[in-house]
There are 2 protein chains.
Amino acid sequence: MGVKTSLNSKGELSAQIAEAIRAAIISGALPFEHRLPSEAELSDQFNVSRPTVREALKRLAAQNLIRTLRGATGGAFVNRLSFEEAYAQQITTSTLLLSMNDVSFETACEARYALERACLKLSATRRLPDHLATMRAEIHRQGQPGLSDESFCNSDVAFHRALVDGAGNPVLSYQLAGAVEAMQPLMNMITFTARSREKIICFHTDIADAIEGGDAKKANTALNALAEYTIALAHNVSDRHRQNQSGVDSDQSEITRSSSTEPTE
Amino acid sequence: MGVKTSLNSKGELSAQIAEAIRAAIISGALPFEHRLPSEAELSDQFNVSRPTVREALKRLAAQNLIRTLRGATGGAFVNRLSFEEAYAQQITTSTLLLSMNDVSFETACEARYALERACLKLSATRRLPDHLATMRAEIHRQGQPGLSDESFCNSDVAFHRALVDGAGNPVLSYQLAGAVEAMQPLMNMITFTARSREKIICFHTDIADAIEGGDAKKANTALNALAEYTIALAHNVSDRHRQNQSGVDSDQSEITRSSSTEPTE
DNA sequence: TTGATCCAATTGTCAGACAATTAAATGTTT
DNA sequence: AAACATTTAATTGTCTGACAATTGGATCAA
């Protein structure tokens, strides 16, 4: 029996090994919770050293494909990708993509509201009392005086999450999580005046009312109004931004310290 | 100047280091194409060994956050996440999620068509001749006799990709790529009869006609019809499937060989 | 100036060791 | 026999030091 697996392709060994194992997982040859051979056995099978195997396993761990446990019964186990993990991955990827490709606020906004619009009909018929309660609660929170911009944006995200989750389709929620959450940094750029908050809350209330009444059409109208208003707000901000902006080129080259760091020596 | 960075938090060092660097990248402290310190310098800064640093870097590489190059001017460079890479990541994550959480065909289908519906309006007004041409070409291809099920599904995906891309919003395309592509394995399970293909082509034609005429409403109607029909088809298949299915439990424990492998000794 | 050669920096890989962790096996006491 | 403490073995996590492979630039010669 061919226990040894040769790798002919080119490139780094750890990448090849990671790819081989990933393919095995995706194909279903390695079922969930299945324990991979130990690092020592793998390095034997692939005829490489243990550090190389470890680099391969770390690659897979970074993609949530496996978890590793220490100890006598430890090892690397095929991870069942949960919706939670998928959400998180989706969000980080979306956030990075947006921040790295200077997507215009208009484009991102358009995408976000277009996607949300897709949920309205389902949400209007299926939303549970929970979702509605969350929406109402967030609206209330948004009306609190003295709420920071960041908190307001967080609440905004929570409101829309509830709206999306109301559709009762986890796949839909997963797909939209990235769109909604990834917008947050961009949203945070907008300094909401009291007046604009008031209007936004008004739109939110309209949406919640429509969802409560099962009126998808009315919800759609309200969401459209919110979308238009948001984009208009952003337009103002970006105009002001353009005026203030000069060629600022930060030249930091040190890695930012993690929260728990201290200079040594 | 504190060159050394201490890591107080718990867990594996390589994970902590990866997280610190990832945070620095996401925060923008490390701009694109910026070269990270060499592995030796990093192991100095974080006060760990080089293998540990390497594991951290491999984790980041697996997430497309950095690339590494060998040689005198080599090193690890902050990678600008392209839409292409983001697509690919999005698709693999979505595919895994669906295959690992036995999402019902109905749920996935509903999500997919709901998302697509979000693009119709934009696509009807913005689509370029290219998109329309692709849609027409794929429709034609779908009508070819003797086309394999897999090719038909591929063409189906291409058709819908064109529809989505017609909206002219890369963020939207990115978000939907996962939904559409991840459905393919599920779609492949359905054996399309000549009769059902004919109907699907009919719906596709209706959609293309509507998009060409800029009639979002008509396109919406056609897409709804297609969605209903697809789900009905799937229902039949899953019913038949249920009858045939008994508890099959494969117990493979070997890692599938990569395409270029051979048993040794 | 051009071309070939050498050099230094850097990542990729290896080997072997030890630390840390964990569950199971073993032994001991009640 | 049951409950508890101890040992043990397996496994991952980390370190050290070394060498190979690669690659751009420097050096030097024609």
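So that the names make sense, note that chain A is the first sequence line, chain B the second, and so on, each numbered from 1.
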Item to complete: For B:F46 and D:dG13, give me the distance from atom CZ to atom C1', rounded to whole Å.
Response: 18 Å
Worksheet item: Between D:dT12 atom P and A:E55 atom CD, what is the distance in whole Å?
Response: 16 Å
Worksheet, complete the sentence: B:R35 atom CZ is separated from D:dT23 atom P, nearest whole Å, by 15 Å
Practice prompt. May I have the distance from B:L13 (atom CG) to C:dA19 (atom C1'), rounded to whole angstrom?
Written response: 12 Å
Worksheet item: Any side-chain donor paired with an acceptor under 3.5 Å for A:T92 and A:T95?
Response: no
Worksheet item: Is any side-chain N or O of B:R54 closer than 4.0 Å to OP1 or OP2 of C:dT11?
Response: no
Fill in: Pair B:Q175-A:Q90, side-chain donor/acceptor within less than 3.5 Å
yes
Practice prompt. Would you confirm whether B:R112, through its side chain, and B:E181, through its main-chain N or O, come within 3.5 Å as a donor-acceptor pair?
Written response: no
Worksheet item: So A:Y174 and A:F83, would you call those rings parallel, tilted or perpendicular, with 30° and 60° as cut-offs?
Response: perpendicular
Fill in: Residue-level proximity of residues 57-72 of chain A to DNA chain C when a heavy atom falls under 4.0 Å
A:R70, A:G71, A:A72
Worksheet item: Is the backbone N or O of A:T52 less than 3.5 Å from a side-chain atom of A:S14, with the two atoms forming a donor-acceptor pair by type?
Response: no
Every protein N/O lying under 3.5 Å from an N/O of nucleotides 15-18 of chain C:
unit_1	atom_1	unit_2	atom_2	d
C:dA17	N6	A:R50	NH2	3.3

Worksheet item: For DNA chain D, what is the dot-bracket line, given that a base pair needs Watson-Crick (N1 to N3, plus N6-O4 or O6-N4) or G-U wobble (N1-O2 and O6-N3) geometry with both distances under 3.5 Å, and | means paired with another strand?
Response: ||||||||||||||||||||||||||||||
Item to complete: Using only heavy-atom distances, determine whether the side chains of B:N169 and A:T107 contain a donor-acceptor pair under 3.5 Å.
Response: no
Practice prompt. Report the distance from atom CD of B:E39 to atom P of D:dC19, rounded to the nearest whole Å.
Written response: 18 Å
Worksheet item: How far apart are the C-alpha atoms of B:K58 and B:E55, what are their side-chain angles, what is the distance that settles it, and do they pass the salt bridge (Lys or Arg N to Asp or Glu O under 4.0 Å) test?
Response: CA-CA 5 Å; B:K58 292 315 157 202; B:E55 287 179 11; over 6 Å; no
Worksheet item: CZ of A:F77 versus C1' of C:dT22: gap in Å, rounded?
Response: 11 Å
Worksheet entry | Exam field: side chain B:S155 to backbone B:S151, donor-acceptor pair closer than 3.5 Å | no
Worksheet item: Should B:T52 be listed as having a side-chain N or O under 4.0 Å from OP1 or OP2 of D:dC15?
Response: yes
Worksheet item: Any donor-acceptor pair under 3.5 Å linking the side chain of A:N101 with the backbone of A:L97?
Response: yes
Practice prompt. Output yes when B:R70 and A:E12 qualify as a salt bridge under the 4.0 Å nitrogen-oxygen rule, no when they do not.
Written response: no
Discussion item. Looking only at the side chains, is there a donor atom on one of B:N154 and B:Q184 sitting less than 3.5 Å from an acceptor on the other?
Written reply: yes
